[in-house]
Number of protein chains: 2
Amino acid sequence: MATLADVARRAGVSTATASRIINGSSKPVTEELRTRVLAAVAELRYVPNAHAQMLARSNRNAVGVLVHDVSDPYFAEITRGLQRVATAHGRLVIICNTFREPARELEYIDLLHAHQVAAIVVAGSGYLSSDAETELHERMAAFETTGGRIAVIGRHSHTSDAVLPANEEGGFLAGDHLFALGHTAVGVIAGPAALTTTADRLAGLHRAAAAHGATLTVVHADFTRDGGEAATLKLLADEPALTAVAALNDSMAVGALSAMRTCGRTLSVVGFDDMPVARDVTPALTSVRLPLTELGERAMELALTPPTGSSPRVEHIPAELIRRESTWPLSRPT
Amino acid sequence: MATLADVARRAGVSTATASRIINGSSKPVTEELRTRVLAAVAELRYVPNAHAQMLARSNRNAVGVLVHDVSDPYFAEITRGLQRVATAHGRLVIICNTFREPARELEYIDLLHAHQVAAIVVAGSGYLSSDAETELHERMAAFETTGGRIAVIGRHSHTSDAVLPANEEGGFLAGDHLFALGHTAVGVIAGPAALTTTADRLAGLHRAAAAHGATLTVVHADFTRDGGEAATLKLLADEPALTAVAALNDSMAVGALSAMRTCGRTLSVVGFDDMPVARDVTPALTSVRLPLTELGERAMELALTPPTGSSPRVEHIPAELIRRESTWPLSRPT
DNA sequence: CGGTATCAGGAAAGCGCTTACCTCAAGGTT
DNA sequence: AACCTTGAGGTAAGCGCTTTCCTGATACCG
């Protein structure tokens, strides 16, 4: 490893001068020294040690991102937005995959903290009142007291800035759509019961059901396609009278479509998130759109902007129903 | 920011002792001091400064990953494999999105170099003989001379370890399948012409065509769904006699399916990569499977294992044709 | 009881950089 | 000619940690 000292020696200058030239400091320097130093840099293939720089400057340049799973399209889209904004601000992004394990979340928060990142974005649903969730918020607070910034996406927090997708409203939209079409026996493929996202979307669905005087049959799955397929198979077997299904994300909706195909049933299906796959399945999926990329962009924007006031900022992102071909009116039997 | 010195002061010990206790060094320490220090750590919410640690220890712990685009399912799957292995080795993963810009690739290599990562995995196709490509290999070499390790996925390199998917063979598989079904007028939705992946897959297709005495009509797109759709629309208009299409990745194959739907044609379609979406579209896509997660795992394994010999290691990953419903035999017109 | 091995803990030297401060020489002022 | 600017570059003090070496106290030996 060539060091600054090597470069300086080779160019016959002090490390101070070398540093100033390399960093393009405002201090004036003779043209001759400048070329000598730059030549030495090239010859030695010198690359400054970022850790030493961090230490000396004690400024923070990277930002960390905590996501449940990058290969899940939901998070992939969000991550895309996060990266776009971070890159535009010249920030390095460190992505950490928690694999949905709360313990790993804690670990990573500390890791990012240790790496002196400028900000951390925590994306993805939290857990309904668990110890790990409490502990997480404590660590987040500890990070913030050191001057770090935190923004959460779709996670409740009363200390950090947050971007909140309209999960409850989206659930309502999905339910209202189905009920307005005349369906009364509606099944719900929900996500894990412990997640706030599941709870919120479900709440919206229940609100819609109540408004139409209908009831819902809920089964819980794990937000994956195969999980959704299995859950739908079971639901269809247990409740043969259902005429429509609401899945709490598109992956599970796709699974539901597949399940219906294998048992030869055709129920209306509404998904959630409007992921790219929604328009490519048959029938094209009616889905509640959440602008995922935008979610990521706004969160990163919040994380990189100094707090305006004292209280945390909260942005609400609306949901929108995208009607396609997987939902149709039910002609009332009576 | 609480520092080690703060902890030491509070516990009434030297920083040396505090450091040893916190890092669980082998040096023996009285139980009393240990509890005092640990208490101070907890009270002060002390998190060691990773940069200072790096500098003092000069050991490398993180690994960097360069991908074209995390939100592309192709890379998402690979990334998943990379992360799994890295995490199993206790390594922090830094994911860098190059957005397919060669300049950004160079930038990121240096950045990761500066951050003293232990290894860098470069995932994704390279460019056929461009200046940026040459420069990239030089920077990679520079990084390796400092003790860093490099592994590439699906990219040609004669200095670094590499994991190579059987792109040429996969292309052959796709072509052979179509020709064996009796198709002779076959269109190809290729990726960007400058990418080696495009060239390799195309070469396999051409080999199959030659073996069957057939010819191919090739159009280039950009590996995205919409790009594939547009290219297919054009291809169908220009060459009305085509009876089958090979797309060089599944995203474009999905686009091709959509294009065919809009102009009411039904050609056989074979995709490439066998991404999750392949089985959920209608008709379910016949595709050349590449075990993407495994690709990532093997690459990270290579990157984290000290080189065995002097020459770079190369792993070839075979491709496999998955037959579904999007391809069918053509009854020869004559 | 002097001498030595053993042990807990501290002092301090870096790791590779940045930067405030200092020095020295040349040119400008009156 | 004495004094002050100003410009160009160097000196050295950290940044927060790890780790080697050292110190002082205690225990063990004949």
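The structure displayed is predicted, hence computed values, not measured ones. Below, chains carry the letters A, B, ... as their sequence lines are ordered, and counting in each starts from 1.
In secondary-structure terms, DNA chain C builds stems of at least 3 consecutive Watson-Crick or G-U pairs, each pair having both distances under 3.5 Å, at C:1-30 with D:1-30.
Taking both residues in full, the closest heavy atoms of B/Cys96 and A/Leu92 are given as SG-CD1, 4.2 Å, listed atom of the first, atom of the second, then distance. Closest approach of A/Leu82 to A/Gly296, counting heavy atoms only: CD2-O, 3.1 Å. Nearest heavy atom pair, residue A/Ile150 against residue A/Phe143, reads CG1-CD2, 3.6 Å.
Scanning for side-chain hydrogen bond (donor to acceptor under 3.5 Å, both in side chains) contacts around A/Gln116 gives an empty result, with sequence neighbours left out. Legend: residues meeting side-chain hydrogen bond (donor to acceptor under 3.5 Å, both in side chains) with B/Asp222, ordered by chain and number and at least two apart, are B/Thr224. In this view, A/His137 and A/Glu133, A/Met140, A/Ser157 satisfy the side-chain contact (heavy atoms from CB on, under 4.5 Å) rule, not counting sequence neighbours. A/Arg36 is linked by a side-chain hydrogen bond (donor to acceptor under 3.5 Å, both in side chains) to A/Glu32, counting only residues two or more places apart in sequence or in another chain.
Summarising the local packing, CZ of A/Arg84 is surrounded by 12 or fewer heavy atoms from other residues, nucleotides or ligands at distances under 6.0 Å.
Salt bridge annotation for A/Arg80-A/Glu297: absent, with no cationic side-chain nitrogen under 4.0 angstrom from a carboxylate oxygen. Salt-bridge formation is detected for the pair A/Asp72/A/Arg100: a Lys NZ or Arg NE/NH1/NH2 atom is positioned less than 4.0 Å from an Asp or Glu carboxylate oxygen. Here B/Glu301 does not pair with B/Arg91 in a salt bridge; the nearest charged N to carboxylate O distance is not below 4.0 Å.
Scanning residues 12-23 of chain A for heavy-atom distances under 4.0 Å to DNA chain C yields A/Ala16, A/Ser19, A/Arg20, A/Asn23. At a non-hydrogen distance threshold of 4.0 Å, B/Lys27, B/Pro28, B/Val29, B/Thr30, B/Leu33 from residues 27-35 of chain B come into contact with DNA chain C.
Running 5' to 3' along DNA chain D, contacts with non-hydrogen atoms of chain A at under 4.0 Å begin and end at D/dA8 to D/dG16.
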Could you write out each protein N or O paired with an N or O of nucleotides 26-28 of chain C at a distance under 3.5 Å?
none

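The aromatic rings of A/His68 and A/Tyr127 are tilted relative to each other, their planes meeting at an angle between 30° and 60°.
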If you look only at distance, which donor and acceptor atoms sit under 3.5 Å apart when one is on a side chain in residues 106-114 of chain A and the other is two or more places apart or in another chain?
unit_1: A/Asp110; atom_1: OD2; unit_2: A/Arg139; atom_2: NH1; d: 2.5

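Rounded to whole angstrom, the span from the CD atom of B/Gln116 across to the C1' atom of C/dC17 amounts to 12 Å. Regarding B/His115, its NE2 atom lies at a distance of 14 Å from the C1' atom of C/dC17, rounded to whole Å.
Residue pairs meeting the salt bridge (Lys or Arg N to Asp or Glu O under 4.0 Å) criterion with at least one partner in residues 54-68 of chain A, sequence neighbours excluded, are absent. Judged as a salt bridge (Lys or Arg N to Asp or Glu O under 4.0 Å), not a single pair has a partner in residues 119-132 of chain A (not counting sequence neighbours).
Residue contacts for A/Ser58: at a heavy-atom cut-off of 4.0 Å it reaches no nucleic acid atom on any strand shown.
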